[in-house]
Amino acid sequence: MQLRMALGVAQAIEERSALVVEAGTGVGKTFAYLVPALLSGARTLVSTATKSLQDQLFMRDLPRLREALGLPVSIALLKGRGSYLCLHRMNQARQSAELPDRWAVRTLAKVEQWAQVTVSGDLAELEGLDERSTVIPLVTSSRENCLGQECPQFRQCHVVKARREAMAADLVVVNHHLFFADMALRDTGVAELLPSVDVALFDEAHQLAEAGVQFLGTTLGSGQVIDFARDLLGAGLQQARGLVPWQELAAACDRSARELRLAATGSLHDLRGTLKLRWSERAAGADFIAALAAVGSACTAAAEGLKVVAEMSPDFTKLGERAGQLAGIAVQFCEPAKTGHVRWIDVSPHQARLVESPLDIRDALREQMSAAPKAWVFTSATLGDDDRLSWFTESAGLDDARTLRLGSPFDYPAHARLYIPRGFPKPNEPEHAPSVALLAARCARALGGRTFVLTTTLRALKAVGEQLRAEFHAQGDSIQVLLQGQIPKRQLMQQFLAQPRSVLVGSQSFWEGIDVPGDALQCVLIDKLPFPPPNDPLVEARVKRLESEGRNPFADYFVAEAAVSLKQGAGRLIRSETDRGLVVVCDPRMAGMNYGKRLREALPPMTLVSSEAEALAWLGMLSGAGLPF
């Protein structure tokens with residue numbers, strides 16, 4: 001299977017054509033696309049889903065392959081500017097004395113110490129730096145605050161150096177966010193890079209559409225405006241005190257941003273996580289329109305003030321551009337949305353973000369692909385549940401691309417079982433979450449831990465997690481419950497691996513990209529079928545479009561989305577040819593509804609068990625010492 005994929009990729013490279021490959025777990029798709037790319041001698045761009053996968057490709061897979069093939073290929077890693085230390089901003093942070101607490105002071109000292117020795121400036125090198133640290137925005141640049149060639153540290157700039165190395169390399173590793181951010185902003189280095197490559201390879205391509213939708217739209221966040229107000233005040237008081245009423249201008253921007261968040265939040269209180277609101281729920285309100293106009297006015301007034309001192313420092317020129325852009329976006333949101341776009345509002349405990357986004361990446365990707373002939377290869381373990389891989393090819397505008405579907409080489413019928421409890425409460429019934437927790441407890445007891453519970457919502461995550469803890473405590477079990485959100489994801493995984501007698505309860509971010517080979521994980525419970533939320537504004541807009549085309553949104557969108565997500569979640573279980581385990585889908589619709597057959601067939605060919613007794617017996621056998629394998 002790996003050879004079939006490699007030959008398919010080689011053909012696409014030779015013909016400069018488009019290929020979409022679904023390759024099941026265990027095919028070894030990374031080497032299957034890298035080997036033909038390296039052997040072809042073609043200049044190549046590889047894009048993957050996350051920065052950690054980028055690091056894995058660049059630091060582990062590519063060096064090993066380059067050595068094994070004996071090829072003198074130069075490789076480079078390119079991330080977004082927010083991943084690199086900005087020396088100018090670091091110096092400003094030291095002088096501003098605006099650090100929020102003593103932890104931030106310590107972190108800045110650590111960053112300054114590391115700055116003396118780093119060659120790349122990539123913050124991923126810095127051990128123990130929490131990616132949520134308040135110091136990171138202070139020591140990195142953004143498109144809005146970068147001074148470019150006017151910067152006093154331009155010659156030592158890590159971003160410029162990384163882009164220069166990328167332009168000179170034979171193979172460059174980027175990520176999907178960077179790729180699409182560049183399409184929207186022309187500010188990541190990919191704009192110069194893309195026309196110069198012969199091959200564009202996208203791994204984890206199932207995440208491509210969401211990354212594109214996120215970056216190809218327009219956003220206005222209250223946090224953006226507050227950051228601008230802080231930078232305006234800092235630069236004004238440091239470099240031009242008394243010349244412009246800095247405190248008054250910055251306070252107006254800050255106040256307008258906070259009022260916009262309040263108007264967007266409305267009567268919602270005690271928010272946890274992010275909530276998506278329909279644009280129509282707020283846009284008709286006088287308070288919301290007034291708050292939006294106030295942001296535009298405050299940013300326009302700041303831009304006028306900055307013109308007075310623009311020639312004094314490049315900082316003021318850049319701040320003036322930022323003020324103008326923010327004012328312009330505020331005006332844009334006062335007008336109707338563009339055709340083929342949808343608007344919504346993300347509200348969280350700390351900010352509100354107004355978003356206008358295209359419905360998919362079709363047009364954007366077609367534009368890129370028509371620009372110059374090159375090979376385009378898209379691959380993932382989950383790209384659809386039909387031979388045309390329509391779930392992916394339709395949204396990406398790849399209807400004419402060649403498709404290749406390769407199953408997993410693992411022996412699923414022998415090594416994995418699937419259990420769908422038939423008499424289970426329906427997901428909309430109040431006893432569903434407690435029943436999921438009790439079934440998870442019984443499975444975890446049979447195994448002695450080693451269990452994942454994957455939920456489709458954060459509310460279910462909390463309900464299942466609390467019920468599980470109560471159940472284990474009541475029965476005097478020593479099995480630990482690890483809950484997503486209580487500590488960073490990486491630490492949570494380390495705890496799960498270090499303590500086998502545990503159950504990890506996770507939501508969206510644990511459905512994919514988690515690799516636990518061996519017997520550390522032998523049971524995965526999924527609380528319910530992962531249909532897209534029907535009241536999500538983006539989902540609603542996609543449904544309307546399908547209806548206008550005379551299609552069936554439930555079959556063509558909801559079931560197709562659920563099939564791909566289910567495949568991802570169940571895919572956490574079997575990660576190597578010796579792995580064994582059980583997948584439980586706690587949703588009776590998968591057994592009883594007519595679309596259940598399609599969803600079952602989307603999963604790897606696991607042996608179906610008909611009762612809980614059979615499922616627990618299988619787990620008991622896996623936990624026993626004398627396995628009959």
Does some side-chain heavy atom of [Y] sit less than 4.5 Å from a side-chain heavy atom of [X]?
X: Phe496; Y: Phe452; result: yes
X: Phe410; Y: His415; result: no
X: Val583; Y: Tyr419; result: no
X: Ile526; Y: Leu566; result: yes
X: Leu292; Y: Leu220; result: yes
X: Val295; Y: Leu326; result: no
X: Val503; Y: Leu482; result: no
X: Val355; Y: Thr218; result: no

Quick one: sort the [X] and [Y] rings into parallel, tilted or perpendicular, breaks at 30° and 60°.
X: Phe215; Y: His177; answer: tilted
X: Phe378; Y: Phe392; answer: tilted
X: Phe179; Y: Phe202; answer: perpendicular
X: Phe554; Y: Phe558; answer: parallel

Worksheet entry | Stepwise side-chain contact (heavy atoms from CB on, under 4.5 Å) check, Tyr412 with Leu603 | CA-CA 10 Å; Tyr412 278 94; Leu603 293 174; over 6 Å; no

Run the salt-bridge test on [X] and [Y] with the 4.0 Å N-O cut-off and return the result as yes or no.
X: Arg551; Y: Asp556; answer: yes
X: Arg366; Y: Asp399; answer: yes
X: Lys462; Y: Glu466; answer: yes
X: Glu547; Y: Lys544; answer: no

Polar side-chain atom of [X] near backbone of [Y] as donor-acceptor pair, under 3.5 Å:
X: Thr25; Y: Ser408; result: no
X: Arg589; Y: Asn594; result: no
X: Arg417; Y: Met606; result: no
X: Arg282; Y: Ile345; result: no
X: Gln568; Y: Glu512; result: no
X: Asp527; Y: Val436; result: no
X: Thr48; Y: Thr50; result: no
X: Asn175; Y: Ser47; result: no
X: Lys489; Y: Ser509; result: yes
X: Arg16; Y: Ala12; result: no

Determine whether more than 12 heavy atoms belonging to other residues, nucleotides or ligands lie under 6.0 Å from atom [atom1] of [X].
X: Asn535; atom1: CG; answer: yes
X: Glu577; atom1: CD; answer: no
X: Arg442; atom1: CZ; answer: yes

Worksheet item: Looking at Phe288 versus Trp279, is the centre-to-centre ring distance below 6.0 Å?
Response: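 Centroid separation for Phe288 and Trp279: below 6.0 Å.
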
Fill in: Distance flag, aromatic centroids of Tyr557 and Phe531, threshold under 6.0 Å
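No: the rings miss the under 6.0 Å criterion.
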
If you look at every heavy atom in [X] and [Y], which pair is closest and at what distance?
X: Leu389; Y: Leu404; answer: CD1-O, 4.1 Å
X: Arg575; Y: Asp515; answer: NE-OD1, 2.8 Å
X: Val505; Y: Val464; answer: CG1-CG1, 4.5 Å
X: Val9; Y: Pro36; answer: CG1-CG, 3.8 Å

Fill in: Full working for side-chain hydrogen bond (donor to acceptor under 3.5 Å, both in side chains) between Gln11 and Glu15
CA-CA 6 Å; Gln11 185 182 340; Glu15 295 172 352; 3.1 Å; yes

Spacing of [atom1] belonging to [X] relative to [atom2] belonging to [Y], to within rounding of 0.5 Å:
X: Leu34; Y: Leu201; atom1: CG; atom2: CG; value: 7.0 Å
X: Gln224; Y: Leu354; atom1: CD; atom2: CG; value: 9.5 Å
X: Leu483; Y: Leu504; atom1: CG; atom2: CG; value: 8.5 Å
X: Leu260; Y: Ser222; atom1: CG; atom2: OG; value: 6.5 Å
X: Lys528; Y: Thr456; atom1: NZ; atom2: OG1; value: 4.0 Å
X: His176; Y: Leu53; atom1: NE2; atom2: CG; value: 8.5 Å

Discussion item. For residues 21-34, which residue pairs pass the salt bridge (Lys or Arg N to Asp or Glu O under 4.0 Å) check, not counting sequence neighbours?
Written reply: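 Those involving residues 21-34 are Glu22-Arg405, Glu22-Lys567, Lys29-Asp203, Lys29-Glu204.
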
Worksheet item: Any salt bridge (Lys or Arg N to Asp or Glu O under 4.0 Å) pairs touching residues 348-364, not counting sequence neighbours?
Response: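 Found Arg343-Glu356, Asp346-Arg353, Asp360-Arg362, Asp360-Arg545.
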
Item to complete: Decide side-chain contact (heavy atoms from CB on, under 4.5 Å) for Arg261 and Val347; before the verdict, give the C-alpha distance in whole Å, the side-chain angles of both, and the deciding distance to 0.1 Å.
Response: CA-CA 8 Å; Arg261 185 189 166 274; Val347 291; 6.0 Å; no

Worksheet entry | ring-ring contact (aromatic ring centres under 6.0 Å, His included) partners of residues 347-369, not counting sequence neighbours, each pair once |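 Every candidate ring-ring contact (aromatic ring centres under 6.0 Å, His included) pair involving residues 347-369 fails, so no pair, neighbours aside, qualifies.
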
Practice prompt. Check the pair Arg278, Trp344 against side-chain contact (heavy atoms from CB on, under 4.5 Å), reporting the backbone distance first and the verdict last.
Written response: CA-CA 5 Å; Arg278 291 184 188 88; Trp344 70 87; over 6 Å; no

Worksheet item: Stepwise, does the side-chain contact (heavy atoms from CB on, under 4.5 Å) test hold for Leu439 with Cys586?
Response: CA-CA 9 Å; Leu439 179 54; Cys586 305; 4.0 Å; yes

Worksheet item: Under the side chain to side chain donor-acceptor pair (under 3.5 Å) rule, what pairs show up with a residue in residues 597-611, not counting sequence neighbours?
Response: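 Non-adjacent pairs meeting side chain to side chain donor-acceptor pair (under 3.5 Å): Asp385-Arg598, Lys597-Glu601, Ser610-Glu614.
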
Item to complete: Return each pair, listed once, that meets side chain to side chain donor-acceptor pair (under 3.5 Å) where at least one residue sits in residues 421-433; pairs must be two or more places apart or across chains.
Response: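 Sorted pair list comes back empty.
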
Worksheet entry | side-chain contact (heavy atoms from CB on, under 4.5 Å) against Arg388, all qualifying residues, sequence neighbours excluded |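 Scan of Arg388 (side-chain contact (heavy atoms from CB on, under 4.5 Å), adjacent residues dropped) gives Asp386, Ser390, Thr403.
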
Item to complete: Could you check Ser52 against Asp55 for side-chain hydrogen bond (donor to acceptor under 3.5 Å, both in side chains), going step by step and ending with a plain yes or no?
Response: CA-CA 5 Å; Ser52 58; Asp55 289 336; over 6 Å; no

